[in-house]
Amino acid sequence: MSNPYLRLAAPGVASLKPYLPGKPISELEREYGVTNIVKLASNENPLGPGKRALDAIQACTDSSLSRYPDGGGFDLKQALGRRHGLDPACITLGNGSNDVLVMIAEAFLQASLEAIHSQYAFAVYPIAIQAVGATGRAAPALAPGSEGAYGHDLTAMADLINDKTRLVFIANPNNPTGTWLRAEPLRNFLEQVPQETLVVVDQAYAEYMDDPDYPDCVDWLDRFPNLIVTHTFSKAFGLAGLRVGYSVSAPGIAQILERVRQPFNVNVVANAAALAALEDHQHLARSVELNAGERERLQHGFANLGLEYVPSAGNFVLVEMGQDAAAIYDALLRSSVIVRPVANYGLDQHLRISIGTTSENDRLLDALSQVLGPGDNDESDGG
Ligand SMILES: *Cc1c(COP(=O)(O)O)cnc(C)c1O
């Protein structure tokens with residue numbers, strides 16, 4: 001029976017499909033009765049938070065927890081201003097960067113307006129657009145087999161811009177594809193975008209990038225006043241459970257986002273942990289180094305299993321299973337390994353696999369090898 005309240009919902013909300021998160025460890029335990037679970041489904045830092053962040057969390061006193069947080073986020077904005085060499089007035093704090101993405105949609109979109117994203121871009125963009133009744137336009141991704149396959153096609157995105165386009169979402173690097181955009185094409189794209197169209201460059205995975213041709217778009221804010229750059233503490237900083245993210249933009253944009261921001265959207269513990277995590281350069285470096293080494297090893301492992309993958313710049317790899325991926329996902333669950341189906345992106349033959357610790361990745365490769373069985377590329381199985 002259909003939900004009788006649906007006709008009461010706002011039109012954008014009535015047709016909205018909710019975000020599908022990675023399966024939580026506790027849910028798999030409950031549903032399948034398995035233990036010793038490896039979760040490689042939500043691009044979390046497998047090392048967890050650093051010691052400094054953990055110490056800061058533990059140092060939160062009873063009296064700090066019973067008070068509302070500093071709604072203005074003074075200390076964290078100061079620290080982030082220093083991190084990026086900018087006035088703290090450029091920073092907007094969010095309950096995860098997801099919160100900031102939603103604020104941007106709420107503040108700048110309405111039913112008569114449009115927003116553009118790429119076909120296989122972060123699922124939150126179309127949801128944020130549709131929830132406020134605006135029209136989302138997905139630009140076809142670069143075709144499989146071509147250079148940058150599955151990634152953003154900036155020409156196709158530019159072609160969708162018209163006088164109703166208020167927002168463009170670009171993830172660099174992108175999730176779930178792991179593809180990324182180089183400085184020159186991205187700068188050329190920004191040069192074509194009209195001033196009335198705001199461009200959000202989502203840099204959730206920026207910390208993992210070391211290619212000199214990767215642009216930190218924060219450096220371009222002066223040149224492109226319609227640019228908003230988002231960052232998160234959920235990935236390389238290892239604080240996904242605390243929910244902290246932020247945007248960097250012209251102060252005028254930040255002032256408008258402030259109008260729709262919930263007054264206490266970043267809690268006391270999250271504030272303290274994020275501040276400490278920013279100081280923990282060692283933990284960040286260790287996290288990035290582990291990821292780079294294990295990404296290389298995992299990608300080799302996939303190739304050895306005869307699987308194609310999209311070369312990744314992030315802390316996850318999009319792997320092509322060559323068949324409907326749902327059965328493989330389920331078989332991996334039964335082996336206590338959680339990965340991420342991406343059929344909701346229209347990629348029903350792919351799985352997105354987050355990069356874990358060495359032992360977690362070994363467990364994944366073993367389980368995957370078992371599930372796929374001996375194939376053409378399995379050279380070892382002599383009897
Ligand atoms: C994970 C992710 C985020 C971060 O979400 P939070 O709400 O900050 O946890 C943002 N953008 C992309 C592309 C992501 O993959």
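What you are looking at is a predicted structure, and each value in this text was computed from that prediction instead of being measured. Order of appearance sets the numbers: ligands from 1, and atoms from 1 within every ligand.
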- prompt: For ligand 1, which atoms have a heavy atom of Ala204 less than 4.0 angstrom away?
  reply: 2 (C), 3 (C), 10 (C), 11 (N), 12 (C), 14 (C)
Ser336: which of Ile37, Asn36, Thr35 passes side chain to side chain contact (heavy atoms under 4.5 Å, CB included): Ile37
- prompt: Which of the atoms of ligand 1 are close to Asn175, meaning less than 4.0 Å from one of its heavy atoms?
  reply: 13 (C), 14 (C), 15 (O)
task: Name the closest protein heavy atom to atom 9 (O) of ligand 1, giving the residue it belongs to and the distance to 0.1 Å.
output: Ser234 OG, 2.6 Å
- prompt: Do His117 and His152 have their ring centres less than 6.0 Å from each other?
  reply: no
Any Phe233 heavy atom less than 4.0 Å from ligand 1: no
query: So is Ser97 in contact with ligand 1, going by heavy-atom distances below 4.0 Å?
result: yes
field: Nearest-contact summary for atom 3 (C) of ligand 1 - protein heavy atom, Å
entry: Lys235 NZ, 3.3 Å
field: Asp99, any N or O under 3.5 Å of ligand 1 N or O
entry: no
message: Heavy atom to atom 11 (N) of ligand 1, shortest distance: which of Thr232, Asp202, Asn43, Thr230 holds it?
response: Asp202
- line: Hits for ring pair (Phe, Tyr, Trp, His ring centres under 6.0 Å) against Phe169, two or more places apart or cross-chain, chain-then-number order -> Tyr125
- prompt: Any N or O of Arg243 that comes nearer than 3.5 Å to an N or O of ligand 1?
  reply: yes
query: Between Tyr68 and Phe264, is the gap from one ring center to the other below 6.0 Å?
result: yes
task: Please determine if Asp87 and Lys77 form a salt bridge, counting it only when a charged side-chain N lies under 4.0 Å from a carboxylate O.
output: no
task: Check the pair Lys39 / Glu360 against salt bridge (Lys or Arg N to Asp or Glu O under 4.0 Å), numbers first and verdict last.
output: CA-CA 8 Å; Lys39 184 186 176 208; Glu360 288 173 333; over 6 Å; no
query: Between Tyr19 and Phe122, how do the two ring planes meet: parallel, tilted or perpendicular, split at 30° and 60°?
result: perpendicular
